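Below, chain A is the first sequence line, B the second, and so on; all start at residue 1. When reading the values below, keep in mind they use all heavy atoms of this one structure, side chains included, and skip hydrogens, waters and symmetry mates. Since the model is a prediction, treat every value here as computed from it, not as a measurement.
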Amino acid sequence: MPLRLLKYAFSKEHPDPAFFTQPDSLKHSYDAVIIGGGGHGLAAAYYLAKDHGITNVAVLEKGYLGGGNTGRNTTIVRSNYLTPEGVKFYDTSVRLFQELSEDLNLNLFYSTRGHFTLAHTESAMRTMRWRAEVNKHVGVESYVVGPDDILKACPQIDISCGGNAPILGALYHAPGSIARHDAVAWGYARGAYQRGVDIFQSTEVWDIKTSGGKVVGLNTSRGFIATNKVLSAVAGFTPRITDMLGIRTPIVIQPLQACVTEPMKPWLDTILVSGSLHVYVSQSSRGELVMGASLDPYELHSTRSTLDFVEGLSGHILDMFPFLSNVKVVRQWAGMADMTPDFAPIMGKTPIEGFYLDAGWGTWGFKATPVSGKTMAETIAKDQAPELIHSFRLSRFEDYELTGEKGAASVGH
Amino acid sequence: MNRRLETRPGEWIDRDEPLKFSFEGKEYTGFSGDTITSALWASGERILGRSFKYHRPRGILSLSNHDVNILVTDMEDTNIRADVVNVKEGMRLLAVNTSGGVKKDKKRWLDRLSAFMPVGFYYKAFHSPRKLFPFWENVIRKSAGLGEVNFNYPRTIKTKYHEHCDLLIVGAGTAGLSAALHAAKCGIGITLVDENRQAGGSLTYDCAGDQESKTVLRNLLDEIKHHPNITLLTGVYAAGYYTDHYIPLVREDGITNMRAKAVVIATGAYEQPPVFRNNDLPGVMLGTAAQRLIHRYSVRPFDVGVVFTANDQGYRVALDLLEAGVEVAALVDLRKKAASPLADKLLQLNIRILKGYCIYEAIPTGDHEGVKEVVICPFDESSGKPDTGDLVTIACDGIAMCAGWAPAAALLYQAGVSMRYDNTVNQFVPNKLPKGVFAAGKVNGRFDLESRLKDGQRAASEVLSMLSETSIKVVSEPHEGNTPSHTFPFVPHPKAKNFIDFDEDIQLKDFINAAQEGFDNIELMKRFTTVGMGPSQGKHSNMNAIRILAKIRDLPVEKIGSTTARPFFHPTPIGHLAGRTFHPHRLTSLHDWHQTAQADFIAVGAWLRPAYYSIAGLSRDDAIIQEVLSVRQAVGMIDVGTLGKIEVHGPDSALFLERFYTGGFANQKIGSTRYALALDEAGVILDDGIVARLADDLFYLTASTSNSAMVYREMQRWQQKWQLDIGLVNVTGYYGAINVAGVAARKVLSKLCKASLSEQDFSFGSIIETVIAEVPARIIRVGFVSELAYEIHVASQDALTVWVALMEAGEPEKIRPFGVEAQRILRLEMGHSICGHDTDGLTNPLEAGLMFAVKPDKPFFIGQRSLQIIRKAPIRKSLVPFLLDHQDGMETPKECNLVIAQGDIAGRVTSIAFSPTLKQAIGLAYVSPELAIQGGSFLIRTDNGSLVKAIVAQTPFVTSQIGDSKK
């Protein structure tokens, strides 16, 4: 039993202060306002305060902290992307994640499990090699492995997938990890709050005011705020914010669904992804299998679940693990993924001065939480996006300089 | 100890069928109809499970799948819910999540350490120093989880049906049965489902010591039998509500996905435990659980019991206990003022009623196996505090708990029903219901027998009026009398162990501490404390959590709201959800022939295609080389029936193709073919193919095998926007296609075809409609794998005739079939790229060297504007052909190896193959523009890191013969 837990047994009162408390009202003005109290928005607030000393900041959250895609993803962290720009960016995130529990002094259950992207076809094997070669070039530990290596890491898998889609090999990515997603939001919120950031839940932004192409303030359900800097970090709600300013983005909202089984004793130590079978699966530290699949193939601004999703996923998971037939699915849910045409995010400055965008996180947002927070904080503080996110700028769509990450999406979308 | 009562009317067990089984190594006898739990409890067992976190001993809580105190394994299957799964002869059962048996669980010391494990403790330790976390993580992972998975469990095949009905009623209790009978009179088709093995809901057990409930139930069920339009299904649960009244009904042997015109949710309510110290000891159970034991399984819950109630239900339970021969030592009523109509009846029986009292704590027996006595004291309802100055001890071996209810409203929430908190019943009830969704009974805040019957009829009458059936409008009055649920049945205790969520071992103080730490929003509280996140999904805990938070924040309950109730209502097996799975492949009409000819198949898109034809004594590679050489030296043929084939009919056909593809088709001559390239709006290559014009208003085109479905879909999508006067017909399956290629192709084909195939009459780039082997055919002169090649399109059913005829006619030329592998080499030798293989999700025609197929200045084509912009910027990469400067012992690069220049990525290989014709490795690669110089060279990094030199070459790599004259 770690010493840190002693205090709980030997103190009469519960010894922990609040992670965050909400001020009674908004200040009249803030140096910066962040829309969205998810992982990204809270991380940006944290790094604004920590790295840049900007603490007169408000985070506004329509619902509750981490209630959007931060709390709806399947918690996988990896950097085995396809473009050198993408790999470098996500690798920075992985490194920040590795130190984050200590940085935030909160156990995020950041668990390095190793990540296999299974290939069932020759063409998938080609893409795996492409990703492996780019990863290796940038210094990220990824390589193509054969069925034997997969069996060594996960002896329970049916490598022939019931004879339906035999596994030919995989892209193995050693730093692939999972983490406790909610805690990431809470940890950043606490760190920001302790440094003086105001966090408001149940607070909706109604309108963003500009003057001469510059941000001057926001109207919210708690009143008006004067500010010259606004960051939008709202994932699936991005079009509603950008519409307020008439900014055009190529974002399309599509549902992404997931589900979780009853807890069972640990047996799956790795993270497995199959593009052909449209499955990703890992076992949480609570013992549940956390499973996801591909995007729903239509635009929808809703978080409703569908039965055909979980039926299809169940069939595919049984191809890999037939013995799970009588293991039960406890819960399913959906998130709204803000998809971009090139499967890369949209980050940085916009045509409106003082309005910064952290969007287009589609199905790859959670793993980028620390790095997006850090780079967006720098963008806001310096009014200049760092080199690391240059490839993700909004203007790339006009310039036809896309950052093609479709081939590195976890499953075929 | 035998707790089985004498035979009782209406019991669910069959005493003529005793069953032997074992639990934790000990033999027991139960009866057919017993659940595992009821059989064990009847045999006097108390500790049936261990709790998740603290490994506390646990017995019955709800006996109805609202908790997971008792999970067992039969070593085949795990996490079996013993409360509701019937015992079977010969079962050998163990409790899950114990170490060394349920009674002597070695982890029971964790209970003593609970002070070290406050709410969210795992967030606050174990992470620093970082290098120790993997150790702690391992400890935590092993102690979490419940049962062990059996890796040899078979893949089950469960049936899946799809059905429709007029009205689906979920819950065959009082309200559900009543609704069914009322609606049935109008003749509509009704499906009535209940998760229990018998219909009746609380009528089967909530009797208050008399026979009225069972008489009412008998009458209702008799009447149901007389309505052939009511299908009553028991042992079936509605797992979730999905858009447009789509509800999976889960049986033991499968799922029926039901689409209903209307749904009545009559799912009742879950009884909620009052919260006091040691409310989880074996022997402390919900009042309804005690009633279920008595009336369904004829089991005496305990010998001497105390009823702890905060509503009138406790009085009903007390009467049932008395009727079953239990000595009721006291009825402790939390309420000081409220008077139960049944109080007099109990007083007449000399039962001690203590009003305004609480159970302060339950005292365990020395071995912790059960309850020894309870400590009671006065309770101040307004402050929610016990008066511990006046503690009284009452000896007993069991406690029945009644504090109130939570609506079983999961399906209503999923249907988008907004709920409001009703202060007369102290319960969330439906406020606004979407069209076609109705609620009746306890879930709708109706508790008395009469009002539940009436509410069922009321819901049915609303269903009928929605379905435009004539019916008499029925109105049901709101609840009257004492509230069924207490607002705050919580007894604080300095030593805690007063549990709210039994799945997750969450105590009263955990909520207070979580709120202190800032998690004072119901959704955050759920995630931080994990209340309601266990396998029973908050059925016995969410309502109490809401009440506590309301108290902490000093807000009315409705302001707290509820967490989102997501599917599934009960956890549902993966095998059930999967049903039978299908992995369809498309096969061409020549598939059997290929199989006979020893083809080795690979999946290409949805199709299975021959990769190559194996030959005894030849390796795979050598067999492929033979196939390549036969085309180069004589003639070969390949089944290309998998190509996408689309006909475009109508006056606007040419205009449609002008817009869809990059090239020009308006002036295309009848009988000619053109290469066609399709882009998306961003100028990225989608697919390529051949467009043949057969008439002014008829084009026939091909698309690549793996893209054909997408191409057809995109064509339809654009046509929706453009609304041109055309018709699109996907004839992919209708036509078979055979490609005959090689220097002798013309010679072979001429034997079977009357039309002139001479170079003048039938040159590259033309199509003829003719007859081959007495079969009508469209023949296209193509050049993908060889300069001389014919693609013969015939009706699928005729393809075999033509194929066999070609094999015979080609015998003198030693014709042989070839597969996809040889085709890839042949086309590479010809210098052709393949869409999707040599292009990726961002490749434009400038980069792929396909600008010859683009007519940039026509009025419009998809991707035109993007391409105009892209053309203004310098090109970033080019697809170039290359030859390998091969040295012996050198590692041959593979496809997707990178091109490296000055230590940085400068491109990648998309195709590489050993050319049997040139006896040299050839390929295609994207390289940066400065490397794309004819005769220049670049370096490819192989898998093992060595750099291999490639020389930029010219295409075609191979000049093949076209027969009687050179092109």
So which residue, [options], ends up with the most heavy-atom pairs under 4.5 Å with chain B?
{"options": "A:Arg304, A:Arg331, A:Lys7, A:Glu401", "answer": "A:Arg331"}
{"options": "A:Asp319, A:Asn326, A:Leu402, A:Thr21", "answer": "A:Asn326"}
{"options": "A:Gln22, A:Glu102, A:His120, A:Glu262", "answer": "A:Glu102"}
{"options": "A:Phe19, A:Trp186, A:Phe20, A:Phe109", "answer": "A:Trp186"}

Handout entry: B:Arg259, CZ: over 12 other non-hydrogen atoms inside 6.0 angstrom
Key = yes
Practice task
Identify whether the distance between the nearest side-chain nitrogen and carboxylate oxygen of B:Glu517 and A:Arg190 falls below 4.0 Å.
Solution key: no
Exercise for the section: Indicate yes or no: does B:Glu504 engage A:Arg286 in a salt bridge with an N to O separation below 4.0 Å. Expected result: yes
Non-hydrogen atoms of chain A under 4.5 Å away: do they reach the side chain of [X], the backbone, both or neither?
{"X": "B:Arg580", "value": "neither"}
{"X": "B:His127", "value": "both"}
{"X": "B:Phe133", "value": "side chain"}
{"X": "B:Asp680", "value": "neither"}

Problem - Sole residue of B:Tyr123, B:Tyr122, B:Phe121 in ring-ring contact (aromatic ring centres under 6.0 Å, His included) with B:Phe528 - result: B:Tyr123
Practice task
Report yes if the side chains of B:Pro535 and B:Asp503 come closer than 4.5 Å at any heavy-atom pair, otherwise no.
Solution key: yes
Handout entry: Side chain / backbone / both / neither for A:Lys136 at chain B, heavy atoms under 4.5 Å
Key = side chain
Exercise for the section: Please flag which part of A:Leu313 lies under 4.5 Å from any non-hydrogen atom of chain B: side chain, backbone, both or neither. Expected result: neither
Exercise for the section: Over all heavy atoms of both residues, which pair between A:Leu82 and A:Glu405 is shortest? Give the atoms and the distance, please. Expected result: N-OE1, 2.9 Å
Exercise for the section: Output yes when a side-chain donor or acceptor of B:Asn257 lies under 3.5 Å from a complementary backbone atom of B:His162, and no otherwise. Expected result: no
Practice task
Quick one: which of B:Gly240, B:Gly518, B:Ser866 has the most heavy-atom pairs under 4.5 Å with chain A, could you say?
Solution key: B:Ser866
Completion exercise
Given B:Thr564, B:Val149, B:Ile255, the one with more heavy-atom pairs under 4.5 angstrom with chain A than any other is B:Val149
